[in-house]
Chemist: 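This is the structure I have questions about; it appears just below.
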Amino acid sequence: MDRSYRSGLILLAGVVLLATAAAMHAIFFDAPILSGVLFIAGIALSAWGIYTLRTEIISMFRQRRGELALYTLGLIGVLISVAYLSVQVPVRYDMTAARIYSLSAPTVEMLKRLEKPVHIVFFHDPMMRETVEIYQLVDRQTDKVTVEYYDPMLNPAQARMRGVEFAGTAIYESEGRRLQINGPSETDIANGILRVSQGKQQIVCFLDNHGEPDPFSLESHDHTEGDAGHSHGLGTKVVKHERHGMAKARHGLENMNYVVEKISLLQGENKLSRCAVLVVAGPKAALLTNEVKAIDRYLADGGNALFMLDPFIRSGLEPVVRQYGVILDDDIVIDGASHFWTDVSAPAVTDYNRHEVTRDLPLTFFPGVRSLSPTPERVPGTSVRPVINSSKQSHGQTNRERAEFNLGKDKAGPLTLMVAVNRRPEFVASTEAVVRKLRDEHAPSESSAPNTTTSGTPVVRSRVAVIGDSDFATNSFFHILGNGTLFLNTVNYLASQENLIGLEPRTYDLPHVNLTNRQMKGTFFLSIILIPALMAVVGIAVWWRQR
């Protein structure tokens, strides 16, 4: 056995001893002396082997093999550096069209507006990689959220200490509040952060028993209203035994930490006192007198309400709305210039008045909407702000069957489709006389309607929003364009949750394009007429030149 062979064996033995020492240190925590001895022995043998092979090593590096070895070591070093940087500075790029592997814009905006710190402890198993990535994206988005990760099988003590039995459970903590979440989706995670950071859930009450859309129903177009199929505009027939659903609206509210309840006022009990916002969504039958009184009393005590009242239907709430300086016109808005698809009775709106509700609001449309007008005299203590108007080419007509403008009878546009009313907490004198005068001008039969504002009574702060349509927020149209955002923004504004305005839960609907009538005509002219005509002109010019 020659000297180089023996030195090679010594070097190999030293490397084996070093590997054994490292393995023993990682596995056997209670044998530090033995692993230390093996480490020292491995260092000594490796050093002796390298020293005895110094001549062979130097000669090897002087040859071509030395260059290859150095190149190999350099490449390995580059790969290790790239791997290290990828862990320390991760970069992700979501190439999906729907951005399903990235946080949605509303979630990012909510995290930016977060005011209180939230600590999350997430227990997961190796099969929950997608949920872990969502938590990591949330953690990187803001320093207000911190996340710890544990596997309950590998860290049973942590799971037992927090009362967790299964993987997939997350514990949210913020300023002494504690919340347990089991949902794996981004919506569940964002909702949990909102709930634990806010600490208090507000109740949104939907009025029931008058044919209103059901907030717990997933129904969309489940019946026929018009003579030529389903219609929400001209020629509409009210169907009382079947209702649309508003489950998408309810789901959106629950994702923003609201509790949604249906409420009935027929028993005369005061159930409205715990409601942060009352939603009256398109009743198809008039409310009873005691129901109107209960709503009027609720508003007088500082309650907030969203009235979505469809055209050509008397709800009994006309005198209540009139007390806030708003008149419900008995008409339907026709907009031949800007409407959704081919329905002229579904005005589409792209330009809004400045208001918290319309912040970054995309196009909205209203399938059958009435116009709103101000009272002849301003109601003391109220501030009425038009929020949404139709175009200048629109008009409000009283004919329920045909779309035609009658000069002197119908109102010309632009028309108000939505208003927001603030009642300020100031002392208002002689309010009772002004309100009674307005009622008498409207209809003698409404003089018996309730009036909780008396002379010498301070006005309580409240917010009211009135929209001349309810169909825009039903399941059929909630997810299209900005309709759902408008509804959620309005509720957040009424509940004084302005920091939530603009947030909307992510939905994964099939991709499709929705166009207004003007956009449809422009697309048709551009693709069917203009471009083919230009190509024809170019072709004729080329043919003529060659000829």
Side-chain angles (χ1 to χ4, degrees), residues 207 209-213 221-244 246 279-288 291-292 295 306-322 326-336 339-340 343-349 364-375 388-390 394-419 442-443 445-446 449 465-474 476-477 483:
L207 188 65
N209 290 330
H210 310 90
E212 299 92 345
H221 288 73
D222 56 357
H223 59 283
T224 300
E225 293 178 347
D227 295 333
H230 191 92
S231 172
H232 291 266
L234 296 176
T236 298
K237 295 181 180 178
V238 177
V239 181
K240 296 183 180 180
H241 63 281
E242 293 183 356
R243 298 188 291 175
H244 285 304
M246 291 187 69
V279 178
V280 181
K284 303 300 185 292
L287 279 66
L288 300 179
E291 294 179 293
V292 177
I295 294 176
L306 170 57
F307 296 114
M308 301 188 293
L309 306 176
D310 296 316
F312 302 134
I313 297 177
R314 292 194 62 82
S315 62
L317 293 170
E318 289 78 9
V320 176
V321 174
R322 196 178 181 90
V326 181
I327 297 176
L328 299 172
D329 297 329
D330 191 25
D331 63 2
I332 186 170
V333 177
I334 305 298
D335 197 335
H339 52 265
F340 186 68
D343 187 0
V344 295
S345 62
V349 182
T364 56
F365 67 96
F366 304 88
V369 58
R370 75 197 314 163
S371 64
L372 309 173
S373 300
T375 53
I388 298 178
N389 298 328
S390 60
S394 64
H395 69 273
Q397 68 172 51
T398 57
N399 188 342
R400 307 187 184 191
E401 303 298 332
R402 298 182 60 186
E404 57 183 8
F405 178 68
N406 296 319
L407 185 62
K409 185 177 181 181
D410 298 333
K411 295 193 305 180
L415 302 173
T416 301
L417 308 181
M418 174 183 175
V419 298
H442 183 61
S445 59
E446 296 173 3
V466 184
I467 306 176
D469 175 49
S470 65
D471 296 310
F472 80 97
T474 58
S476 301
F477 308 110
N483 284 10

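Values below: every heavy atom of this structure, side chains too, minus hydrogens, waters and symmetry copies. Please read these numbers as outputs of a predicted model, since none were measured by experiment.
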Chemist: If you take all heavy atoms of A346 and P367, which pair is closest and at what distance?
Modeler: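 Here A346 and P367 meet closest at CB-CA, 3.8 Å.
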Chemist: What do the steps show when you test S373 against K411 for side chain to side chain contact (heavy atoms under 4.5 Å, CB included), and what is the final call?
Modeler: CA-CA 11 Å; S373 300; K411 295 193 305 180; 2.7 Å; yes
Chemist: Look only at the side chain of S390 and the backbone of L415, and say whether a donor-acceptor pair between them is shorter than 3.5 Å.
Modeler: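 Flag set: sc S390 to bb L415 pair under 3.5 Å.
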Chemist: Does any part of the side chain of P347, heavy atoms only, come nearer than 4.5 Å to the side chain of V369, both counted from C-beta?
Modeler: yes
Chemist: I'd like to know if the side chain of R370 and the backbone of D310 have a donor-acceptor N/O pair within less than 3.5 Å.
Modeler: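 Yes.
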Chemist: Do you see a donor-acceptor pair shorter than 3.5 Å between the side chains of T398 and D331?
Modeler: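 On atom types as modelled, these side chains do not qualify, holding no pair under 3.5 Å.
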Chemist: Mark yes or no for whether D335, through its side chain, and S345, through its backbone, hold a donor-acceptor pair below 3.5 Å.
Modeler: no
Chemist: Nearest 0.5 Å, please: how far is CE in M308 from CG in D471?
Modeler: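 One gets 9.5 Å once the value is rounded to the nearest 0.5 Å.
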Chemist: Let me see the working for V280 and L306 under side chain to side chain contact (heavy atoms under 4.5 Å, CB included), right down to the final yes or no.
Modeler: CA-CA 6 Å; V280 181; L306 170 57; over 6 Å; no
Chemist: Quick one: closest heavy-atom pair of A281 and S470, and the distance?
Modeler: C-CB, 4.0 Å
Chemist: Of all heavy-atom pairs between G468 and P311, which one has the smallest distance, and what is that distance?
Modeler: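 Minimum heavy-atom separation between G468 and P311: O-CD, 3.7 Å.
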Chemist: Contact between M246 and T474 at the side-chain level, heavy atoms closer than 4.5 Å - yes or no?
Modeler: yes
Chemist: Are V333 and L417 side-chain neighbours, meaning at least one heavy-atom pair lies under 4.5 Å?
Modeler: yes
Chemist: Atom CZ of F340 and atom CZ of F366: how far apart are they, to the nearest 0.5 Å?
Modeler: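 Nearest 0.5 Å value for the CZ-CZ distance: 12.5 Å.
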Chemist: For V466 and M418, run side chain to side chain contact (heavy atoms under 4.5 Å, CB included): C-alpha distance rounded to whole Å, both residues' side-chain angles, the deciding distance at 0.1 Å, then the answer.
Modeler: CA-CA 6 Å; V466 184; M418 174 183 175; over 6 Å; no
Chemist: Which heavy-atom pair separates L287 from H210 by the least distance, and what is that distance?
Modeler: CG-NE2, 3.7 Å
Chemist: Would you find a donor on one side and an acceptor on the other, under 3.5 Å apart, between the side chain of D469 and the backbone of F472?
Modeler: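 Pair found, side chain donor or acceptor close to backbone of F472.
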Chemist: Any salt bridge between D330 and R314, counting N to O under 4.0 Å?
Modeler: no
Chemist: Any side-chain to backbone donor/acceptor pair from S315 onto L317? Under 3.5 Å, distance only.
Modeler: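 Answer holds: yes.
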Chemist: Heavy-atom distance under 4.5 Å between the side chains of L309 and P283, does that happen here?
Modeler: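 Heavy-atom side-chain distance check passes, below 4.5 Å.
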Chemist: Between atom CD1 of I327 and atom OG1 of T375, what is the distance when rounded to the nearest 0.5 Å?
Modeler: 6.0 Å
Chemist: Taking the side chain as every heavy atom from C-beta outward, state whether V292 and V320 have any atom pair closer than 4.5 Å.
Modeler: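 A side-chain contact under 4.5 Å exists here.
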Chemist: Among D343, V349, N483, find the residue that satisfies the side chain to side chain contact (heavy atoms under 4.5 Å, CB included) test when tested with F365.
Modeler: N483
Chemist: Using the test ring-ring contact (aromatic ring centres under 6.0 Å, His included), find all partners of F307 that sit at least two apart in sequence or belong to another chain.
Modeler: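 Checked F307 against ring-ring contact (aromatic ring centres under 6.0 Å, His included); zero matches.
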Chemist: If you measure from OG on S371 to CD on Q397, what distance do you get to the nearest 0.5 Å?
Modeler: 11.0 Å
Chemist: Give, for atom CG of D329 and atom CZ of F312, the distance between the pair rounded to the nearest 0.5 Å.
Modeler: 10.5 Å
